[in-house]
Amino acid sequence: MGSSGFNWKLADHPKLPKGKTVGLIVLDGWGEANPDQYNCIHVAETPVMDSFKKGAPERWRLVRAHGTAVGLPTEDDMGNSEVGHNALGAGRIFAQGAKLVDSALETGKLYEGEGFKYIKESFPTNTLHLIGLLSDGGVHSRLDQLLLLVKGASERGAKRIRVHILTDGRDVLDGSSVGFAETLENYLAELREKGVDAQIASGGGRMYVTMDRYENDWGVVKRGWDAQVLGEAPHKFRNAVEAIKTLRQEPNTSDQYLPPFVIVDENGKPVGPIVDGDAVVTFNFRADRMVMIAKALEYADFDKFDRVRFPKIRYAGMLQYDGELKLPSKYLVEPPEIDRTSGEYLTYNGVRTFACSETVKFGHVTFFWNGNRSGYFNPQMEEYVEIPSDSGITFNVQPKMKAVEIAEKARDAILSKKFEQVRVNLPNSDMVGHTGDIEATVVACKAADEAVKIIIDAIEQVGGIYVVTADHGNAEDMVKRNKKGQPLLDKNGNIQILTSHTLQPVPIAIGGPGLAPGVQFRKDVPNGGLANVAATVMNLHGFEAPADYETTLIEVVDN
Ligand SMILES: O=C(O)[C@@H](CO)OP(=O)(O)O
Ligand SMILES: [Mn+2]
Ligand SMILES: [Mn+2]
């Protein structure tokens, strides 16, 4: 029994034994697609992953990792780490942030909640600031939701609105920011005609300004703070479209890495610093890259960088980003209630867990895995190890990242026999895939494959079981395609590089000496997705999954 009185006891699996070491490997951004020159996984030497597919067809299959299979609004929504790891860890499909915000805006419920009432108190006298990612990528935020929120707020009394934009180029094509900024500018101009003083106030590229995660580099958040709150940045412009167009011409920049800028008036004064009494909304629905800025905006006690000024604001997140820290305390839309995750169950059923990745993905196999909850369920049963990531670089210059270090930590954890589950995320194919550098992504895929080898060799040694899968696609397709699947060319005849995730399914492979001989993938779950993995893994630990979990992918046949 847990402290809440809830019965966490899982039923024994009728056929599968307990106590095996299960190595659970998530390759980040590793999908299955047609083998061509833009499929970096195909181009790379990946003997280990290839052997799973070729060697044991009844223990290798594809699972869905995008759209409704992971709780996103439509089948056109690519997968991402948050929804992917949520599904992997929770074993059920929850309507995710993107969808919840859509419906809260559509029904108007967003405006009736505590969060909106709270920020609304600032409207008569002060400015409403909106900070977030400007694109239609649908991974962290969506432009249409931002426009609806601006409209809704202005109809409910917001007279002065300032938008602090973060340019994307990671979930959408590089170079598309100009268009998104134009759309927003035009919309704000319409509002100005109606008497609302609405403007873009600052900006910067998402990977260089504000949207760091897992405390990899507070300097990123500070650059955003300086521009958004203090109104200070190395670059000053009269409007955002001009800012983006100009700054993109600087060497080594892109939408993702645009330097911070502020918009100034005719006297050179910033148009929208954040001051006492203002309301602030971070409009991203996705959690990981909003937690750090939320801490800076909310915590009186804060020592990560010198804020210079800490204005007394009314701050709300689009969602609550961390369910354990209850951060931020005010929010516009209730987050998905991802409860009773597999990780929590396993701590109550004697399964000791080790989880590891490097900083940039550390929270994926801990925080996301556990339903957007930081910390341990039970520190006696769990150990989480973070390998520090390199910071201040784009990962195409270091495509091997910390794959070997992660794999060696996992290997040692497996050989120590202190854990029944050893879980890792290998970031390479995703992080390097996002840079759009095809050559480097090939190196990244090879490095990930080598890391898998280190871990499954350790599993062999202890007589354990491995489960290798991925959270969504990325490196298997690096080019934008037309409906027929042919690469699209830009005006100059160059292929259009796809930096984003994809809609592709991902592989899952099981094996190892500890796997009971008759275990194989069932044929009757053809539409299986990431949410089916949790029940599968519980089985491999010797338990039946809870009744409301998505069904297991495996069966045990007598042979
Ligand atoms: O980097 C990120 O924030 C996203 C892409 O926007 O990637 P992932 O979902 O793999 O973390
Ligand atoms: Mn991912
Ligand atoms: Mn990614």
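Atoms within each ligand, like the ligands themselves, are counted from 1 in listed order.
Looking at R206 next to ligand 1, an N or O pair under 3.5 Å apart turns up. Checking only distances, D288 never comes within under 3.5 Å of ligand 1, N or O to N or O. The N/O atoms of H140, backbone and side chain alike, include one that comes under 3.5 Å of an N/O atom in ligand 1.
Because the distance cut-off is set at 2.8 Å, D28 qualifies as a neighbour of the Mn ion (ligand 2) through one of its N, O or S atoms. Counting backbone and side-chain atoms alike, N425 contributes no N/O/S atom closer than 2.8 Å to the Mn ion (ligand 2).
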task = Run the numbers on T441 and F395 for side-chain contact (heavy atoms from CB on, under 4.5 Å), then give the verdict.
result = CA-CA 9 Å; T441 306; F395 287 101; over 6 Å; no
request  = Show your reasoning for whether salt bridge (charged side-chain N to carboxylate O under 4.0 Å, His left out) applies to E75 and R64.
outcome  = CA-CA 11 Å; E75 302 307 347; R64 290 157 54 86; 3.5 Å; yes
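Near K361, the atoms of ligand 1 lying under 4.0 angstrom from a non-hydrogen atom of the residue are 8 (P), 10 (O), 11 (O). Remark: ligand 1 atoms within the under-4.0 Å shell around heavy atoms of H434 are 5 (C), 7 (O). Counting the atoms of ligand 1 from 1 in the order shown, those under 4.0 Å from a heavy atom of R170 are 1 (O), 2 (C). Interface of D28 with ligand 1, defined as ligand atoms under 4.0 Å from a residue heavy atom, comprises 10 (O). Those atoms of ligand 1 with a heavy atom of H472 less than 4.0 angstrom away are 10 (O). Near N80, the atoms of ligand 1 lying under 4.0 angstrom from a non-hydrogen atom of the residue are 9 (O). Distances below 4.0 Å separate heavy atoms of R289 from the following atoms of ligand 1: 1 (O), 2 (C), 3 (O). Heavy-atom proximity to H364, at under 4.0 Å, picks out these atoms of ligand 1: 11 (O).
Shown are T282, N372, D288; of these, the side-chain hydrogen bond (donor to acceptor under 3.5 Å, both in side chains) with Y321 is made only by T282. Results of the ring-ring contact (aromatic ring centres under 6.0 Å, His included) test with Y384 over W369, Y214, F367, Y376 single out Y376 as the only residue that passes. Results of the side-chain contact (heavy atoms from CB on, under 4.5 Å) test with F180 over V172, L146, T167, D168 single out V172 as the only residue that passes. Among D136, D102, N284, D171, the one residue that satisfies the side-chain hydrogen bond (donor to acceptor under 3.5 Å, both in side chains) test with R142 is D102.
No side-chain heavy atom of L498 sits under 4.5 Å from any side-chain heavy atom of R481.
Of the angles at the Mn ion (ligand 3), the one spanning NE2 of H434 and OD1 of D430 is 90° when given to 10°.
The minimum distance between the Mn ion (ligand 2) and any N, O or S atom of D471 involves atom OD2. When the N, O or S atoms of H472 are ranked by distance to the Mn ion (ligand 2), NE2 comes first.
For atom 5 (C) of ligand 1, the closest heavy atom belonging to the protein is D171 OD1, 3.0 Å. For atom 10 (O) of ligand 1, the nearest non-hydrogen atom of the protein is S81 OG, 2.5 Å.
The two residues A534 and A90 have their closest heavy-atom pair at CB-C, 4.4 Å. The two residues T469 and P507 come nearest to each other via the heavy atoms OG1-O, 2.9 Å. R411 approaches A458 most closely through the heavy-atom pair CG-CB, 3.7 Å.
With rounding to the nearest 0.5 Å, the separation of CD1 in I387 from NZ in K409 is 5.5 Å.
Using a 4.0 Å cut-off between heavy atoms, N474 makes no contact with ligand 1 at all. For Q256, no heavy-atom contact with ligand 1 is shorter than 4.0 Å. When non-hydrogen atoms are compared, ligand 1 lies under 4.0 Å from the side chain of V139 (C-beta onward) but not from its backbone. Here M211 has no heavy atoms under 4.0 Å from ligand 1, in either its backbone or its side chain.
Proximity of a side-chain donor or acceptor of T499 to a complementary backbone N or O of T435 within less than 3.5 Å is not detected.
Assignment of H501 to the shell around ligand 1 is supported, since a heavy atom sits closer than 4.0 Å. For the pair R213 and ligand 1, a heavy-atom separation below 4.0 Å is found.
A cation-pi contact, defined as under 6.0 Å to the ring centre and within 45° of the axis, is absent between R340 and Y345.
Proximity of the aromatic rings of H164 and H129 is defined here by a centroid distance below 6.0 angstrom, and this criterion is met.
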